[in-house]
Structure formats: structure tokens, C-alpha cells
Number of protein chains: 2
Amino acid sequence: MKNSQLYKGSLNTIIMKLLEENGKMYGYEITQKVKAITQGELNITEGALYPALHKLEADGFLDVEIEKVDNRMRKYYKLTESGEKETVNRLSELEDFIRNMQSLVNPKLEF
Amino acid sequence: MKNSQLYKGSLNTIIMKLLEENGKMYGYEITQKVKAITQGELNITEGALYPALHKLEADGFLDVEIEKVDNRMRKYYKLTESGEKETVNRLSELEDFIRNMQSLVNPKLEF
DNA sequence: AAACATACATAAGTTTCTTATACATAACAA
DNA sequence: TTGTTATGTATAAGAAACTTATGTATGTTT
């Protein structure tokens, strides 16, 4: 991740959402996609990403498929059925979180 | 805090925003205010709150003023000048964070 | 008398991250 | 041809922010 502590705890949700959207992705691709979408503001580090992917796999939310492209290894991840259900929950939690943060920070707008 | 990991990293920003808005507050008051604003969805635990307040004070962002009300101690915190500046920065970071998360999660809406 | 609310505090442990390092191939620049 | 950048994965040590549990103390409600 980068700069602000705020991103702590959001990495898993980001990964799962991207996989839900794109079917399957490999680690490096995820970092580039996130960088592009956030216009360079969020840079996921390998030290954060790979352990997160391994944990999601160990939890049964992701399946792995290894491919060799241009003589380089790629580990493609995709959501399992369990992972798809979990993604729905996490996205719902994210919406609640954002709504709550906006209520806290912008109380004028809440009613 | 509660449930979702997403709130990790947002506590300091929440505290500082509430202090900016209300002038001075004591710890317990902050927990009740947050609970009320989020309709019970976010419960700040003492184990998270008090160390956070002490650290913000140690960093020079908060001043303390002890009062005794109904024979019970209250430690009122308020932002220092430095704390006010920092609050502006953190709120700006929070806006960026929310915008980035919405871009990641709801790519249809970004353009 | 017991439970709950108010009010603060800390210690042990967990999770999630940062920072640094490591390995390997390919492309490009000096 | 040698160094840098890009692609691609991985782990280990340490920091930071939290959870959970516990402790102290007073006031209020059941």
C-alpha cells in the first residue's frame, strides 16, 4: 500500500472485487490495475499483496492456476464459490463503511 | 472498533474530525458520539481509543484538560494548532481514500 | 445486591501492513 | 556489455493499529 493508514484492511476487499470483475488475474496484474484505476495514488507492495493472496487461498476463497507466459511464471487467481459469496459480503461491508465515514466526516449531509 | 477490518487506520481521523467539530470532547463522549452517528454500527473500544488519544497527545496534536464532574474524572481533549493543520490533511486523505475505493469498487461510475 | 452506565487505563496477543531482500527472465539504454 | 527498468513471485523482520481481557472507581437503576 502507500501513504495513508486508511487503506489498512481494505486490501482483501480490493483483490476480491477485482477478481469478481475480471474473472482471473495474477499478482503483478493486480498491482498495475490498482495503480491505473487510482491514477498512481495507491501502490500495492509485493510484501502486502502476496501474503494476502496466499491467505485468501488458504481460506478457500481463491483458486490458483499456474501458467508460463514468455518464459515467465504467472499464478492466476480466481474466486471460488465460497469466495464469490464472501466478496458480496465484503463489498456490502465496504459500502456501510464508506457511508459511516461520510456520516462522521460530513455530518451536514446526513438525514 | 467493530466487525469489518476496514475501520483499521481510520480511528485517528475520526477522533480529530470530531474534535474539530465539537471543540473539546472526552474519551467516553467520543465513543458514544460515534455510536450515535453510525447508528450503532461502529463501536470504538477503550483498548483502541485511549492509546490513540495518548499518542495524538504525545505527537502534539491534542491538549488535555482534566475536569471532575459528578465526582468522576473526565479528560477533555482539544486540537492544538498543529492538530488543526493535521486534521485538514487527514480529512483530505480520507476524501482521496473514499474516492479511490469507489473507483475500485464501482468502476462504472468513474469518468 | 446485582447489574448497568459512566470514566479512565494498560497488557498480551493478533492482524496487517512496510521495508528489505531474494530469485529469475526480458527489454532497453549507456 | 553492463547497468537499469520492467515483469513476475516470494519471504522474513519489524512496526503499527487493532482486539480481547482485565483492572480501578463512582453513580444509577432493577
Side-chain angles (χ1 to χ4, degrees), chain A residues 1-16 24-36 40-59 61-62 64-77 90 93-94 97 101, chain B residues 1-16 24-36 40 42-59 61-62 64-77 90 93-94 97 100-101:
Chain A
M1 305 281 204
K2 194 204 66 170
N3 25 33
S4 164
Q5 306 279 33
L6 294 167
Y7 292 92
K8 266 181 196 283
S10 61
L11 178 56
N12 286 335
T13 304
I14 291 171
I15 291 171
M16 293 173 88
K24 66 173 190 178
M25 299 181 82
Y26 56 100
Y28 186 75
E29 185 183 12
I30 292 173
T31 67
Q32 301 308 303
K33 189 82 173 180
V34 167
K35 194 187 290 185
E41 276 200 52
L42 179 52
N43 291 285
I44 297 177
T45 59
E46 309 97 314
L49 178 68
Y50 292 113
L53 287 172
H54 300 160
K55 179 150 198 315
L56 286 170
E57 187 194 352
D59 289 344
F61 297 137
L62 302 186
V64 186
E65 194 185 313
I66 296 180
E67 281 185 33
K68 202 149 192 176
V69 180
D70 284 337
N71 209 32
R72 273 201 224 87
M73 181 181 60
R74 281 184 188 171
K75 287 180 75 173
Y76 278 99
Y77 291 91
R90 303 231 182 162
E93 276 180 9
L94 179 60
F97 167 67
M101 288 307 288
Chain B
M1 303 282 206
K2 192 205 67 167
N3 25 35
S4 165
Q5 306 280 35
L6 295 166
Y7 294 91
K8 271 179 194 279
S10 62
L11 179 56
N12 286 336
T13 304
I14 292 170
I15 291 171
M16 293 172 89
K24 67 173 189 178
M25 296 180 84
Y26 56 100
Y28 186 75
E29 185 184 11
I30 291 174
T31 66
Q32 300 308 303
K33 189 82 172 180
V34 167
K35 194 187 292 187
L42 179 52
N43 291 287
I44 297 177
T45 59
E46 307 97 314
L49 178 67
Y50 292 113
L53 287 171
H54 300 160
K55 177 148 199 318
L56 286 170
E57 187 194 352
D59 290 343
F61 297 138
L62 303 186
V64 186
E65 194 184 313
I66 297 179
E67 282 186 32
K68 202 148 191 177
V69 180
D70 284 336
N71 209 32
R72 272 202 224 89
M73 181 180 60
R74 282 185 189 170
K75 287 180 75 174
Y76 277 98
Y77 291 90
R90 304 230 181 163
E93 277 180 9
L94 178 60
F97 167 67
N100 282 329
M101 289 306 289

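What's counted below: heavy atoms across the whole structure, side chains too, no hydrogens, waters or symmetry copies. Residue numbers start from 1 in every chain, and the chains themselves are labelled A, B, ... in the order their sequence lines are given, proteins ahead of strands.
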From CG of A:Asn43 across to P of D:dT7 the rounded distance in Å is 13 Å

When rounded to whole Å, the CE to C1' distance for the pair A:Met25 and D:dT7 reads 15 Å

Taken to the nearest whole Å, CD/B:Glu57 to P/C:dC8 is 13 Å

Out of D:dA10, C:dA26, C:dT16, minimum distance to the side chain of B:Gln5 belongs to C:dT16

Count the heavy atoms belonging to other residues, nucleotides or ligands that lie under 6.0 Å from NZ of A:Lys75, then report whether that count exceeds 12.
-> yes

note: A:Leu6, atom CG; C:dT16, atom P; distance rounded to Å ~ 17 Å

By side-chain hydrogen bond (donor to acceptor under 3.5 Å, both in side chains), B:Tyr76 pairs with (sequence neighbours left out) B:Arg74

Report task. Apply side-chain contact (heavy atoms from CB on, under 4.5 Å) to the pair A:Met101 and B:Leu94, showing each step before the final yes or no. Result -> CA-CA 9 Å; A:Met101 288 307 288; B:Leu94 178 60; 3.9 Å; yes

- Does the side chain of A:Phe97 come within less than 4.5 Å of A:Ser10's, by heavy atoms? no

### Task
Examine D:dT11: is either OP1 or OP2 under 4.0 Å from a nitrogen or oxygen in the side chain of A:His54? Give yes or no.
yes

5'-most contact on DNA chain C (nearest-nucleotide basis), A:Asp70 vs A:Lys55, goes to A:Lys55

Show the numbers, then the answer: is there a side-chain contact (heavy atoms from CB on, under 4.5 Å) between B:Arg72 and B:Tyr28? CA-CA 12 Å; B:Arg72 272 202 224 89; B:Tyr28 186 75; over 6 Å; no

When rounded to whole Å, the CG to C1' distance for the pair B:Leu56 and D:dA17 reads 12 Å

Here the distance between atom P of D:dA15 and atom OH of A:Tyr7, to the nearest Å, is 25 Å

Rounded to 10°, the helix from C:dA1-D:dT30 to C:dA30-D:dT1 deviates from straight, judged by its five-pair end axes, by 10°

From NZ of B:Lys68 across to P of C:dC8 the rounded distance in Å is 13 Å

Applying side-chain hydrogen bond (donor to acceptor under 3.5 Å, both in side chains) to B:Glu29 and not counting sequence neighbours gives none

Using atom names, set out every protein N or O paired with an N or O of nucleotides 4-7 of chain C below 3.5 Å, distance rounded to 0.1 Å.
| unit_1 | atom_1 | unit_2 | atom_2 | d |
| --- | --- | --- | --- | --- |
| C:dT6 | OP2 | B:Tyr28 | OH | 2.0 |
| C:dT6 | O5' | B:Tyr28 | OH | 2.9 |
| C:dT6 | O2 | B:Arg72 | NE | 3.1 |
| C:dA7 | OP1 | B:Arg74 | NE | 3.1 |
| C:dA7 | OP1 | B:Arg74 | NH2 | 2.9 |
| C:dA7 | OP2 | B:Tyr26 | OH | 2.8 |
| C:dA7 | O3' | B:Met73 | O | 3.2 |

Given A:Ile15 and A:Tyr77, is the side-chain contact (heavy atoms from CB on, under 4.5 Å) satisfied, shown in steps? CA-CA 10 Å; A:Ile15 291 171; A:Tyr77 291 91; over 6 Å; no

Sorted by chain and number, sequence neighbours left out, salt bridge (Lys or Arg N to Asp or Glu O under 4.0 Å) with A:Glu67 holds for A:Lys24

Rounded to whole Å, CG of B:Leu49 lies from C1' of D:dA16 at a distance of 17 Å

side-chain N/O B:Asn71 vs D:dA25 OP1/OP2, d < 4.0 Å:
no

Sorted by chain and residue number, the side-chain hydrogen bond (donor to acceptor under 3.5 Å, both in side chains) partners of B:Lys35 (sequence neighbours excluded) come out as none

